[in-house]
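Below, read A as the first sequence line, B as the second, and so on, with proteins coming before strands; counting in each chain starts at 1. Note that these values count all heavy atoms, side chains included, but never hydrogens, waters or copies made by symmetry.
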Amino acid sequence: MSYHEKKALAGLVTLLLVVVGYCIYAFSSYANGNTQNDNIKFWAGAILLFIAVGVIITVIIEIVLYIREYLKILADKNLSKASATQKMKTIFSPDEMDKLIELKTSKISYAFTGIGFVSAMILVLIGFSASVMINIIFLSMCVGSFIEGIAVIYYYKVGVSNE
Amino acid sequence: MNKKLIIKNKIRTLRFFADEMTQQELAERIGSSRQTIIAIESGKYSPSLEMAFRIADVFGVTINEVFEVEKSFEEQD
């Protein structure tokens, strides 16, 4: 499994943890009656908290993956630090295939987020509360990112065409 | 009606005749990743014209000697 696949997989696991954590937090708060009628501040705070947690976990995982890859290169090839750093640059700087995969998968993510946003607006128009809107927007972003991660792994495994 | 092209390559053979050049070495020489070379070799990814020229340049051959169209079939729009 290449570095990019590992990164996408780590992103998927992080996202899953964030969504599960958010759902537990949201449902338990709801069950305990902490979310007063349409308390938008509560939901905004909860979502921002879990986005921050997700970002921190992602940064930590990327640092760990970077160090692991660096040590692997040093151990496998018995290279000097300068050559290992050069090899790391080759691995980490995206080439044309990486960029094509990123372009294709980000389209999928944008599509899901867009559909979620429009659905949320429609639900508000037909009488649902603002907390439903904010939750649908957040969850559609999460679903979009999740499918993007799966698509990244799929394209690296199966291949990607320019069409 | 478009023609779908199946592009084959001889990178593996060319690497063999270039003192068994590794995929990593080829990747470094064309400024790409090993993952991309693996994908090109196995036909999972068709490189851009620029990258194709770079690969041909590494082996000192023409682009036609690296890539060839094996067959094409009609594809409906």
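A:Ile47 and A:Ile24 fall into different hydrophobic clusters, defined by Ile, Leu, Val, Met, Phe, Trp and Tyr side-chain heavy atoms under 4.5 Å apart, directly or through other members. One hydrophobic cluster, built from ILVMFWY side chains closer than 4.5 Å, holds both A:Ile51 and A:Leu49. In the hydrophobic clustering of ILVMFWY residues, with side-chain heavy atoms under 4.5 Å counting as a link, B:Ile37 and B:Val58 come out together. If you chain together hydrophobic residues whose side chains sit under 4.5 Å apart, B:Leu26 and B:Ile63 fall into the same group. Residues B:Val61 and B:Ile55 share a hydrophobic cluster, clusters being chains of Ile/Leu/Val/Met/Phe/Trp/Tyr side chains in contact below 4.5 Å.
Both the backbone and the side chain of A:Tyr156 come within less than 4.5 Å of a heavy atom of chain B.
Other residues, nucleotides and ligands contribute over 12 non-hydrogen atoms within 6.0 Å of the CZ atom of A:Phe50.
A pairwise comparison of heavy atoms in B:Ser33 and A:Asp98 identifies OG-OD2, 4.3 Å as the closest pair. Residues B:Gly31 and A:Asp95 share a closest heavy-atom pair of O-CB, 4.3 Å. B:Tyr45 approaches A:Leu100 most closely through the heavy-atom pair CE1-CD2, 3.8 Å. Closest heavy-atom contact between B:Lys44 and A:Lys157: NZ-O, 2.8 Å.
Considering CE of B:Met51 and CD of A:Glu96, their distance stands at 3.5 Å, rounded to 0.5 Å. Distance NZ/A:Lys99 to OG/B:Ser48: 10.5 Å, rounded to 0.5 Å.
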message: Would A:His4 and B:Gln35 count as a side chain to side chain contact (heavy atoms under 4.5 Å, CB included) here? Give the steps.
response: CA-CA 9 Å; A:His4 295 284; B:Gln35 183 76 17; 5.6 Å; no
